[in-house]
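Accompanying notes for the structure given below.
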Amino acid sequence: KEVTRKRSATMNIDNRPKPPSQQKLAEKLIILNERAQGLLTRLHYSKQSCEEGRTCPPCLTEKAFDSAVKNISSKFPKLDRARSSIQNMNLSNSTKNDMRQHLQVHYNTFVDILELKEYVMELLTNISVEA
């Protein structure tokens with residue numbers, strides 16, 4: 001079965017080999033699909049951990065941060081940094097470091113999602129140019 005699967009991935013319907021550019025596009029699509037599935041899993045984990053009280057980052061449940069969390073939640077992704085309630089909060093460096101440490105995994109997930117979006121857009125542009 002493996003030999004048949006590999007052969008069908010590199011052959012057209014009429015048993016002619018696919019051009020190298022189509023093989024590369026197919027490989028890129030497979031890689032991006034696998035990466036997207038991994039990111040969806042990470043995003044689901046982030047959502048679940050923020051919804052559960054015991055695994056939610058402490059900075060999202062503290063009363064002192066309620067106004068900042070509500071402000072960000074209501075206006076995301078278009079935040080006004082000048083009037084942001086986060087900017088107006090007086091936070092100690094240790095509090096900022098704790099927040100950064102607890103939210104780093106979630107932040108990295110969103111950064112990776114934005115990178116995936118860029119790769120997908122680039123690949124779709126290349127496909128439309130070659131078509």
Side-chain angles (χ1 to χ4, degrees):
K1 290 183 178 179
E2 286 295 320
V3 174
T4 315
R5 189 180 300 167
K6 288 181 182 178
R7 182 181 300 155
S8 64
T10 60
M11 301 291 257
N12 284 331
I13 294 173
D14 56 0
N15 289 332
R16 287 184 294 167
K18 290 182 181 179
S21 63
Q22 284 184 356
Q23 286 178 358
K24 287 182 182 181
L25 288 176
E27 290 171 1
K28 287 180 183 179
L29 284 171
I30 290 169
I31 291 168
L32 287 176
N33 185 36
E34 291 172 357
R35 186 169 178 196
Q37 289 175 357
L39 284 173
L40 283 174
T41 303
R42 284 173 50 193
L43 189 61
H44 178 72
Y45 166 77
S46 289
K47 179 182 180 279
Q48 291 296 331
S49 69
C50 290
E51 286 179 345
E52 294 179 14
R54 60 184 173 81
T55 58
C56 185
C59 58
L60 297 180
T61 58
E62 291 180 16
K63 297 290 183 197
F65 300 114
D66 274 348
S67 63
V69 170
K70 286 179 184 176
N71 183 26
I72 291 171
S73 298
S74 66
K75 296 181 181 179
F76 185 81
K78 297 179 181 180
L79 299 175
D80 183 11
R81 292 184 185 263
R83 287 188 256 157
S84 174
S85 59
I86 293 175
Q87 295 290 333
N88 298 331
M89 294 180 75
N90 293 325
L91 301 175
S92 67
N93 283 336
S94 64
T95 306
K96 289 179 187 178
N97 289 335
D98 287 343
M99 286 177 67
R100 197 173 291 124
Q101 180 183 5
H102 289 295
L103 298 175
Q104 187 69 36
V105 173
H106 307 293
Y107 174 80
N108 288 340
T109 299
F110 285 106
V111 169
D112 290 343
I113 289 171
L114 291 174
E115 287 178 358
L116 177 68
K117 177 187 166 194
E118 288 178 21
Y119 291 136
V120 169
M121 294 303 293
E122 181 182 324
L123 183 61
L124 291 174
T125 303
N126 289 342
I127 290 172
S128 67
V129 166
E130 290 182 12

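As the structure is a prediction and not an experimental result, all values here were calculated from the model.
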ILVMFWY network linking Leu39 to Tyr45, side-chain heavy atoms under 4.5 angstrom: no
Fellow cluster residues of Tyr107, listed by chain then number, with links counted only when side-chain atoms sit under 4.5 Å apart: Val111
Listed partners of Gln37 passing side-chain hydrogen bond (donor to acceptor under 3.5 Å, both in side chains), at least two apart: none
Pairs touching residues 102-116 that satisfy salt bridge (charged side-chain N to carboxylate O under 4.0 Å, His left out), sequence neighbours left out: Arg35-Glu115, Arg42-Asp112
Within one Ile-Leu-Val-Met-Phe-Trp-Tyr cluster: Leu40 and Ile31, side-chain cutoff 4.5 Å: no
Partners meeting side chain to side chain contact (heavy atoms under 4.5 Å, CB included) with Leu32 (sequence neighbours left out): Leu116, Tyr119, Val120, Leu123
NE2 on His44 to NZ on Lys47, rounded to 0.5 Å: 7.0 Å
Rounded distance [0.5 Å steps], OG1 in Thr109 versus CG in Leu114: 11.0 Å
Nonpolar side-chain network containing Ile30, other nodes, edges under 4.5 Å: none
Pairing residues for Asn97 by the side-chain hydrogen bond (donor to acceptor under 3.5 Å, both in side chains) criterion, not counting sequence neighbours: Arg100
Qualifying residues under side-chain hydrogen bond (donor to acceptor under 3.5 Å, both in side chains), relative to Lys28, sequence neighbours excluded: none
Any residue meeting side-chain hydrogen bond (donor to acceptor under 3.5 Å, both in side chains) with Asn108, in chain and number order, not counting sequence neighbours: Gln104
Pairwise distance OG(Ser46) to CG(Leu103) - rounded to 0.5 angstrom: 10.0 Å
Salt bridge (charged side-chain N to carboxylate O under 4.0 Å, His left out): pairs with one or both residues in residues 116-127, sequence neighbours excluded: none
With Glu34 via salt bridge (Lys or Arg N to Asp or Glu O under 4.0 Å) - residues at least two apart: none
Least distance between heavy atoms, Pro57 atom then Ser49 atom: CD-O, 4.4 Å
